[in-house]
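Everything below concerns the one structure shown next.
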Amino acid sequence: MANTQALCTSFKTEILSGIHAFGTTVIRAGTGADTLKAALYLASATVNAATTAYSASGEVSGTNYSAGGVTITNATAPTFSGTTAYWTPSASFSYTNVTLATAFDAVLVYNSTQSNKSVSVHTFGSQTITAGTFTLTMPTNDSTNALIRIA
């Protein structure tokens, strides 16, 4: 088992169906932007391109970590440059005052408004943390570095 970084395959189909609304303003039936979340996964889990929805299976657990992870701050509208569309959350993902004693190495971004449908998996070096804040710093929001890029 291993976590693999990828844009989830189901997400690619769902964006063509208009299911996800990442924008800061949305025209779709007069609703607001969807709520996105970020959940951490154990190094022994298997989240990858085939992941279709958030699941607690393989998710970290520990002191002050809530199942389902944290809500993503989304004040950045998707945009494009040339032929690449891109989006990065407007703030880093922070899990504060947590103790996560079992090694973890991935975060699943998912859409909690849309039945917890998966968006992407991002991997990093294996981590543990004791009574501290774990922060995933977001990359520059441009066509080369953004968290999500579709070319």
Side-chain angles (χ1 to χ4, degrees), residues 1-12 14-15 19-26 28 31-79 81 84-150:
M1 293 190 210
N3 299 313
T4 308
Q5 185 159 301
L7 194 59
C8 297
T9 304
S10 58
F11 172 72
K12 295 174 188 177
E14 292 160 359
I15 59 174
I19 291 176
H20 300 274
F22 281 50
T24 53
T25 59
V26 180
R28 177 186 73 192
T31 65
D34 292 345
T35 298
L36 303 173
K37 293 190 137 194
L40 297 172
Y41 281 82
L42 298 171
S44 60
T46 304
V47 288
N48 53 41
T51 302
T52 59
Y54 161 78
S55 169
S57 178
E59 185 179 11
V60 301
S61 63
T63 305
N64 295 325
Y65 179 86
S66 298
V70 296
T71 299
I72 294 172
T73 303
N74 183 15
T76 305
T79 192
S81 176
T84 302
Y86 58 90
W87 172 84
T88 297
S90 53
S92 297
F93 306 161
S94 288
Y95 307 83
T96 56
N97 195 29
V98 293
T99 296
L100 305 171
T102 305
F104 60 96
D105 69 354
V107 63
L108 172 70
V109 174
Y110 68 97
N111 188 334
S112 67
T113 302
Q114 300 298 328
S115 305
N116 295 331
K117 293 179 183 300
S118 62
V119 172
S120 57
V121 176
H122 305 274
T123 57
F124 43 84
S126 184
Q127 306 285 318
T128 60
I129 188 165
T130 304
T133 297
F134 179 72
T135 301
L136 290 169
T137 303
M138 293 298 101
T140 303
N141 190 37
D142 62 29
S143 62
T144 305
N145 300 296
L147 189 67
I148 296 178
R149 297 179 308 274
I150 302 170

Given Phe93, which partner from the list Thr137, Thr71, Val109 fulfils the side chain to side chain contact (heavy atoms under 4.5 Å, CB included) test?
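Running side chain to side chain contact (heavy atoms under 4.5 Å, CB included) over Thr137, Thr71, Val109 with Phe93 returns exactly one hit, Val109.
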Closest approach of [X] and [Y], non-hydrogen atoms and distance?
X: Ala38; Y: Val107; answer: CB-CG2, 3.6 Å
X: Ala106; Y: Val47; answer: CB-CG2, 4.1 Å
X: Asn111; Y: Val119; answer: N-CG2, 4.3 Å
X: Ser92; Y: Met138; answer: OG-N, 3.4 Å
X: Arg149; Y: Thr84; answer: CB-CG2, 4.2 Å
X: Glu59; Y: Ala39; answer: OE2-CB, 3.5 Å

Who pairs with Thr73 by side chain to side chain contact (heavy atoms under 4.5 Å, CB included), at least two apart in sequence or on another chain?
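Per chain and number, Thr73 pairs via side chain to side chain contact (heavy atoms under 4.5 Å, CB included) with Ser90, Ala91.
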Begin with the C-alpha distance, continue with both residues' side-chain angles, and end with the deciding distance and a verdict on side chain to side chain donor-acceptor pair (under 3.5 Å) for Thr52 and Ser118.
CA-CA 5 Å; Thr52 59; Ser118 62; 5.6 Å; no
Are the side chains of Val60 and Val98 in contact, using a 4.5 Å heavy-atom criterion?
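Answer no - side chains too far apart.
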Under a 4.5 Å cut-off applied to non-hydrogen side-chain atoms, are Ile148 and Leu7 in contact?
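Yes - at least one pair of side-chain heavy atoms lies under 4.5 Å apart.
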Give a yes or no answer on whether the side chain of [X] reaches the backbone of [Y] with a donor-acceptor pair at less than 3.5 Å.
X: Asn64; Y: Thr99; value: no
X: Ser112; Y: Thr35; value: yes
X: Thr140; Y: Asp142; value: no
X: Ser81; Y: Ser143; value: no

Test of understanding: with side-chain hydrogen bond (donor to acceptor under 3.5 Å, both in side chains), list the residues that count as partners of Thr88, not counting sequence neighbours.
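Once residues adjacent in sequence are excluded, the partners of Thr88 under the side-chain hydrogen bond (donor to acceptor under 3.5 Å, both in side chains) criterion are Asn141.
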Would you please say whether a donor-acceptor pair under 3.5 Å links the side chains of Thr133 and Thr96?
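Not at all, the side chains of Thr133 and Thr96 share no donor-acceptor pair under 3.5 Å.
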Spacing of [X] atom [atom1] and [Y] atom [atom2] [to the nearest 0.5 Å]:
X: Ser94; Y: Leu136; atom1: OG; atom2: CG; answer: 8.0 Å
X: Ile129; Y: Tyr95; atom1: CD1; atom2: OH; answer: 11.5 Å
X: Thr51; Y: Lys117; atom1: OG1; atom2: NZ; answer: 13.5 Å
X: Leu42; Y: Thr102; atom1: CG; atom2: OG1; answer: 6.0 Å
X: Asn48; Y: Leu108; atom1: CG; atom2: CG; answer: 10.0 Å

In a check of side-chain hydrogen bond (donor to acceptor under 3.5 Å, both in side chains) between Trp87 and each of Thr79, Asn74, Thr76, which one passes?
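Single pass found, and it is Asn74.
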Can you check whether Phe124 and Phe134 have ring centres sitting under 6.0 Å from each other?
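Phe124 vs Phe134: aromatic centres under 6.0 Å.
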Is there any ring pair (Phe, Tyr, Trp, His ring centres under 6.0 Å) pair reaching into residues 39-59, and which pairs are they, with sequence neighbours excluded?
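Non-adjacent pairs meeting ring pair (Phe, Tyr, Trp, His ring centres under 6.0 Å): Tyr54-Tyr110.
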